[in-house]
Amino acid sequence: MARVLTKLQRVYRRAVGNRRTVLLVLALCLCLCTYMTGRVHTPSRALRFSGGNNAISANVPSKELGVRERLLKSGRDSNSAPQSDISETRQWREGSEGLSGDVMAPARKDTGPDPPTEDRGNGGEGNGSTRRELPTGVNMVISGINVTALGCFTDRPGRTERALQDDLFADYRKMTVELCLKRCKDKSYEYAGLEYGAECYCGPEIHRDSDLVPSSECNTSCVADQTSTCGGKLRVFIYRVELPLTSHQRALPRVRSADDKKKGTVNPKDDNFRGCYPMAPDFDKAFTSPPLIDERQAPKKCLTHCFLESFTFAVLYNTTVCQCADISEHFHLRDQVADDTCDHRCPDDRAKSCGSLTHFSVYRTVIQDIRCTKTVLLPTNSRPLTALVSFPGSGNTWVRHLIEKATGIYTGSFYNDGDLFNKGFIGEKENWLKRNTVAVKSHRFDRAHIEKFDSAILIIRNPYNAIVSEHNRKHGGHTGLARQTKYHSQEWVDFVTGKSQTWTNTAMNWIRYCRNLLIVYYEDLQRDVVGQIRRVLKFLDLPVSEERMFCLEANKDGKFKRHKHIDFDPYTPEMRASVNLYIHTVALSLKLYNKTDLPEEYRPEL
């Protein structure tokens, strides 16, 4: 035993005396493992074998480097992104004023080495595939979705600086172009953008400070499809998604008369058309860039020109002249006239209007007016408790949008609607009694609920239109239509009976029990948005920002505008007789409490 111990001591002394040799052997073993597996993970670094030049390169990310930069710098694919990276992405997203959306954690491989990944900076051939270069400005079909590839745009961090600001979806395991397009289409967003190989952004318009750059700058492949481009570092590739009519939105057939066909009347309306307006004496002062004059003028050409110039509106007049403008003291949309007043047809699109000698046709580009994008929640208990109340279908969500644009303060809600929250109504999930929002949405009309509020804004809409709107919402969502068969059933008869009573009770109880009430008629808002919102701000005792009012005018539609409407009368004479009695009851209540009378159009038969 003593001899064995003596030999062991000698071996130990020799090993200690040759520590350099031991360390060298360990280093060689480590390199051999790296060569065999292609990658070695440690908590602080990623060692990667590059098959292109038979060399080993190390990338040591700093604490501040997020998962998106690591994907780009290290070339790591989705299946190797550690869980800590996902949490860093979530922290980045929440720190950027909370874009709505989801971050999907990747599934990690348990066995087998990861396949080599392409070099994303130069097109990538590591996996034997070549990334497609998508053409821009052309229509295409991707997985059954009709889209137009608009191209590569610059992007900025921060919720209000993003090119597309309304929804974020990140998946570092299976992101593809198809997945992003489907996400945005399902949420009824017109624009979808991909960035950093794994992030999908959606929105109804593009931030005006996002510039179009060469497509080569969007040089990052999608994590789940190495043949497709998913943007780059602070570069987002944007598609325009065609939103087909759903079963709830199918347009009802319209029979054109023979006279209509002979006349070939101008039809200026499309998704971008905003109306016909007279030229003011200072009309020329509204434009800061030279006009685009084209003998083959068309709205599409003018819209493209103004989009590239980062203007919110394209203006056409005198058949061939295109101008670009933002809302200002010299250019506003407040004196709209009949569409057929702009009776000059566009040379290259005879169905569209190019203004006239004295009037101009206005089309909306996809550029966002950023003068009223910043919106905040106030400190708790900093505002009186003000209700924004209405019968459902009377434009409550639209008025919330208008108030938020005009004040820069979020509105709240009694209901906690997740769909509205995802569309940007951040106050939707705040406790409605916190008094940290400018007003609180409600449809309730019981006395106990009413008396909790210090004041209220009551929105009243013609019940015939409000009931149809609520019926469409019930069967077709916020922006769709109910099927025509839904209006030819006993359910529709019962719906009108019950909702007529609710419309009446909502108005009468708030008129009777609210201590401080402002009544706003939906139809007055349609005629004069800016004037009516000024009334609201005065009632709320809030200052008026002219810059925000300009922006409000440019963004007055909101995100839940129903662009299609039924083109038949769903009411029977018996229904109308019943509804008219309820209208008469509300009119008497308004007169009794010295409130503004109902508009004449509410009661044509009284």
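Residue numbers count from 1 along this sequence.
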Undergrad: Run the salt bridge (charged side-chain N to carboxylate O under 4.0 Å, His left out) test against Glu404 and tell me which residues pass, sequence neighbours left out.
TA: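 So Glu404 forms no salt bridge (charged side-chain N to carboxylate O under 4.0 Å, His left out) with any residue.
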Undergrad: Arg383: which residues meet the side-chain hydrogen bond (donor to acceptor under 3.5 Å, both in side chains) condition with it, sequence neighbours left out?
TA: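 None.
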Undergrad: My understanding is that only residues two or more places apart in sequence, or in another chain, count here; which of them pass side chain to side chain contact (heavy atoms under 4.5 Å, CB included) with Glu205?
TA: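 With neighbours one apart ignored, the set is Arg364, Gln368, Asn555.
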Undergrad: Phe287: what forms a ring pair (Phe, Tyr, Trp, His ring centres under 6.0 Å) with it, not counting sequence neighbours?
TA: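 Partners of Phe287 by the ring pair (Phe, Tyr, Trp, His ring centres under 6.0 Å) criterion, ordered by chain and then number, come out as Phe283.
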Undergrad: How would you list, by chain and number, every residue that makes a ring pair (Phe, Tyr, Trp, His ring centres under 6.0 Å) with Phe550, sequence neighbours excluded?
TA: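 Expected list: none.
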Undergrad: Sequence neighbours left out, what passes side chain to side chain contact (heavy atoms under 4.5 Å, CB included) with Cys354? Give chain and number order.
TA: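 Side chain to side chain contact (heavy atoms under 4.5 Å, CB included) check on Cys354 returns Gln297, Leu316, Cys346.
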Undergrad: Looking at residues at least two apart in the chain, or sitting in another chain, which of them share a side chain to side chain contact (heavy atoms under 4.5 Å, CB included) with Asn146?
TA: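 Only Val141, Glu242 meet the side chain to side chain contact (heavy atoms under 4.5 Å, CB included) criterion with Asn146.
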Undergrad: Checking Pro543 now: which residues fulfil side chain to side chain contact (heavy atoms under 4.5 Å, CB included) with it, not counting sequence neighbours?
TA: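 Side chain to side chain contact (heavy atoms under 4.5 Å, CB included) list for Pro543, sorted by chain: empty.
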Undergrad: SG-SG distance between Cys180 and Cys200 under 2.5 Å?
TA: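 Disulfide present: SG-SG distance under 2.5 Å.
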Undergrad: For Tyr239 together with Phe237, are the ring centres under 6.0 Å from each other?
TA: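 Centroid separation for Phe237 and Tyr239: below 6.0 Å.
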Undergrad: Can you sort out the partners of Lys434 under side-chain hydrogen bond (donor to acceptor under 3.5 Å, both in side chains), two or more places apart, ordered by chain and number?
TA: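 Applying side-chain hydrogen bond (donor to acceptor under 3.5 Å, both in side chains) to Lys434 gives Glu430.
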Undergrad: Report yes if the SG atoms of Cys306 and Cys322 are separated by under 2.5 Å, and no otherwise.
TA: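 Cysteines Cys306 and Cys322 do not qualify as a disulfide pair, their SG atoms being 2.5 Å or more apart.
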Undergrad: Please list, chain by chain and in numerical order, all residues satisfying side-chain hydrogen bond (donor to acceptor under 3.5 Å, both in side chains) with Arg548, sequence neighbours excluded.
TA: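 With sequence neighbours excluded, Arg548 shows a side-chain hydrogen bond (donor to acceptor under 3.5 Å, both in side chains) to no residue whatsoever.
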Undergrad: Please enumerate all residues that pass salt bridge (charged side-chain N to carboxylate O under 4.0 Å, His left out) together with Lys301, with sequence neighbours excluded.
TA: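 Scan of Lys301 (salt bridge (charged side-chain N to carboxylate O under 4.0 Å, His left out), adjacent residues dropped) gives Asp294, Asp348.
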Undergrad: Go through the structure and list residues passing side-chain hydrogen bond (donor to acceptor under 3.5 Å, both in side chains) with Asp349, not counting sequence neighbours.
TA: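 Partners of Asp349 by the side-chain hydrogen bond (donor to acceptor under 3.5 Å, both in side chains) criterion come out as none, since no residue qualifies.
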